[in-house]
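Treat the numbers as computed from the prediction; the structure is a model and nothing was measured.
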Amino acid sequence: MKDMIERVDTRLDCWGEKLSKKNIRYPADLVTGILFLVVSVVILMIMPQQVAISEKDVVNGREFPKLLMYVMMAASAVLILKEGYKIVTKKPLEMKTLNLLVEVKALIIMLILLGTYFIAKVTDLFVVGAVFCCLAFLVYFRCRKKSYYAITLTLAVAIWAAFRFILGVNF
């Protein structure tokens, strides 16, 4: 078993070394402008299905979000035009660099948190999701001490029990 863990650790270290050398450079303001322009258009398109209104209301629940999306579209358009002007005049764009290893690590953490949510939602037991989250993070950070697993799981269940049965919080 320890031999298998060592091989997995070696392979993960090798992948980590390769990913740490890979960087992605992109024009930050241009990408941000395009991204938020698309987000604002999508929100404007789905808002009628999400926010019900009454025709007799003068001001309804869609007005403020709609105004906010128009402001976001205008700001995005200004960013895109500003960056387009820089491209046409051959001025340097502000470039950002993403390190692939950092982003993959963040993605794994996000997947653990999403898995925790879905497990708790599907099983209708928060404690099952909490136990999964504890175990997943201990494995992710390559914790080898068995006592850490026992302590973390015991505390997760104890905290859930205290909230559920002593404080009466229904998750």
Can you tell me how far the [atom1] atom of [X] sits from the [atom2] atom of [Y], to the nearest 0.5 Å?
X      : Y      : atom1 : atom2 : answer
Leu44  : Met69  : CG    : CE    : 7.0 Å
Glu103 : Asn23  : CD    : CG    : 10.5 Å
Thr32  : Ile80  : OG1   : CD1   : 10.0 Å
Lys22  : Leu98  : NZ    : CG    : 14.5 Å
Leu138 : Ile151 : CG    : CD1   : 10.0 Å
Thr116 : Phe118 : OG1   : CZ    : 11.0 Å

Side chains of [X] and [Y] in contact at under 4.5 Å (non-hydrogen atoms):
X      : Y      : answer
Val127 : Arg164 : no
Ile43  : Leu68  : no
Val128 : Trp160 : no

Problem - Set of ring pair (Phe, Tyr, Trp, His ring centres under 6.0 Å) partners for Tyr85, sequence neighbours left out - result: none

Practice task
Report the residues that fulfil ring pair (Phe, Tyr, Trp, His ring centres under 6.0 Å) with Phe132, sequence neighbours left out, ordered by chain and then residue number.
Solution key: none

Could you report the tightest heavy-atom contact between [X] and [Y], atom names first, then the distance?
X      : Y      : answer
Ile112 : Ala136 : CG2-CB, 3.7 Å
Ala28  : Lys96  : CB-CG, 3.2 Å
Tyr149 : Cys143 : OH-O, 2.9 Å

Practice task
Would you please name every residue forming a side-chain hydrogen bond (donor to acceptor under 3.5 Å, both in side chains) with Asp29, sequence neighbours left out?
Solution key: none

Practice task
Anything under 30° is parallel, anything over 60° is perpendicular, the rest tilted; go ahead and classify Phe141 against Phe137.
Solution key: parallel

Problem - More than 12 heavy atoms of other groups within 6.0 Å of Glu17 CD - result: no

Exercise for the section: Check the surroundings of atom OH in Tyr140: do more than 12 heavy atoms from other residues, nucleotides or ligands lie under 6.0 Å from it? Expected result: yes

Handout entry: Sole candidate of Val102, Ile108, Leu107, Leu101 that passes side chain to side chain contact (heavy atoms under 4.5 Å, CB included) when paired with Lys105
Key = Leu101

Handout entry: Step-by-step side chain to side chain contact (heavy atoms under 4.5 Å, CB included) determination, Arg142 to Asp13
Key = CA-CA 11 Å; Arg142 297 184 191 179; Asp13 289 339; 2.7 Å; yes

